[in-house]
Peer 1: 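Pasting a structure below so you can have a look.
All values derive from a computational prediction rather than experimental measurement. Values below: every heavy atom of this structure, side chains too, minus hydrogens, waters and symmetry copies.
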Amino acid sequence: MGDNIYYMVLVAAGLACLLPYKKQKNASTILLICMMLICGFRAYDVGVDTHNYVAYSASIYVDDYKWGPIFLGLKMIAEFFPEPETPFLMLMSILTFAPLIYITRRYSAYPAMSVLMFIIPVADYFVQSMNIARQSIAIVVVLC
């Protein structure tokens, strides 16, 4: 299933590269929002570290020190929901993809190409981006 999603997004990003600039901006935003939703609503067994994030959001871990203040804040926000696991994953996904949307819309001369170049190296982007969620968030913050 993951491969099919990857190929669909890859083809959509490739076709979006053929659009005029303003339509590329909209298409790239839509693609990144789709990718954000896929990452946020993924199953708890997708990715190596997802079960650690889910366990942390469900308060199984008591050592907040090793997770850091941002994750503690995300955990506190997710606890407003009855099942905090999925909102926690969605908040992490938003932290990764919202800055990418901003960067591609604001600074990219070819927004759809930027999305395509984000997708290609990762190969199976939604699995990999959640295996390295903390690193992805850090990379996007540095890009901003």
Peer 1: Could you tell me whether the side chain of Cys39 reaches within less than 4.5 Å of the side chain of Phe97, counting heavy atoms only?
Peer 2: yes
Peer 1: Give the minimum heavy-atom separation between Phe88 and Lys75, together with the two atoms involved.
Peer 2: CE1-N, 3.7 Å
Peer 1: Calculate, to the nearest 0.5 Å, the distance between atoms OH and OG belonging to Tyr21 and Ser108 respectively.
Peer 2: 7.0 Å
Peer 1: Using side-chain heavy atoms (C-beta onward) and a distance below 4.5 Å, is Val9 in contact with Cys34?
Peer 2: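 Side chain of Val9 against side chain of Cys34, heavy atoms only: no contact under 4.5 Å found.
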Peer 1: Is it possible for you to say whether Leu89 and Ile77 belong to one hydrophobic cluster, with membership spreading through side-chain heavy-atom contacts below 4.5 Å?
Peer 2: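 In one cluster: yes.
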Peer 1: Locate the shortest heavy-atom distance separating Ala78 from Pro84; write the atom from each residue and the value.
Peer 2: O-CB, 3.3 Å
Peer 1: Is it the case that one hydrophobic cluster holds both Val11 and Ile38, taking links as side-chain heavy atoms less than 4.5 Å apart, direct or via other members?
Peer 2: no
Peer 1: Does Thr104 reach the side chain of Lys25, with side-chain heavy atoms less than 4.5 Å apart?
Peer 2: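 Side-chain contact under 4.5 Å: no.
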Peer 1: Could you tell me if Thr29 and Arg105 have a donor-acceptor pair between their side chains, going purely by distance under 3.5 Å?
Peer 2: yes
Peer 1: Give, for atom CD of Gln24 and atom CG of Leu31, the distance between the pair rounded to the nearest 0.5 Å.
Peer 2: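 One gets 10.5 Å once the value is rounded to the nearest 0.5 Å.
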Peer 1: Look up atom OH in Tyr107 and atom OG in Ser114, then write down how far apart they are to the nearest 0.5 Å.
Peer 2: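 Going from the OH atom of Tyr107 to the OG atom of Ser114 covers 13.5 Å.
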Peer 1: With the 4.5 Å side-chain cut-off for hydrophobic clustering, are Phe41 and Leu32 part of the same group?
Peer 2: yes
Peer 1: Please name the pair of heavy atoms, one in Val115 and one in Ser28, separated by the smallest distance, quoted to 0.1 Å.
Peer 2: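 That closest heavy-atom pairing would be CG2-CB, 3.5 Å.
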Peer 1: Of the non-hydrogen atoms in Gly40 and Ser93, which two are nearest, and what is the gap between them?
Peer 2: N-OG, 3.7 Å
Peer 1: Less than 4.5 Å apart, side chain to side chain, heavy atoms only: is that true for Leu95 and Leu74?
Peer 2: yes
Peer 1: What I'd like to find out is whether the side chain of Met35 reaches to under 4.5 Å of the side chain of Leu100, using heavy atoms alone.
Peer 2: no
Peer 1: Going only through I, L, V, M, F, W and Y residues with side-chain contacts under 4.5 Å, is there a path from Met113 to Leu19?
Peer 2: no
Peer 1: Is any side-chain heavy atom of Leu72 closer than 4.5 Å to a side-chain heavy atom of Met76?
Peer 2: yes
Peer 1: Are Met92 and Phe80 connected into the same hydrophobic cluster when the rule is that any two of I, L, V, M, F, W, Y join if their side-chain heavy atoms are below 4.5 Å apart?
Peer 2: no
Peer 1: In Å and rounded to the nearest 0.5 Å, what is the OH to CG distance from Tyr110 to Leu116?
Peer 2: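 Output value for this atom pair is 14.0 Å.
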Peer 1: Working to the nearest 0.5 Å, report the span between CD1 of Ile101 and OG1 of Thr96.
Peer 2: 11.0 Å
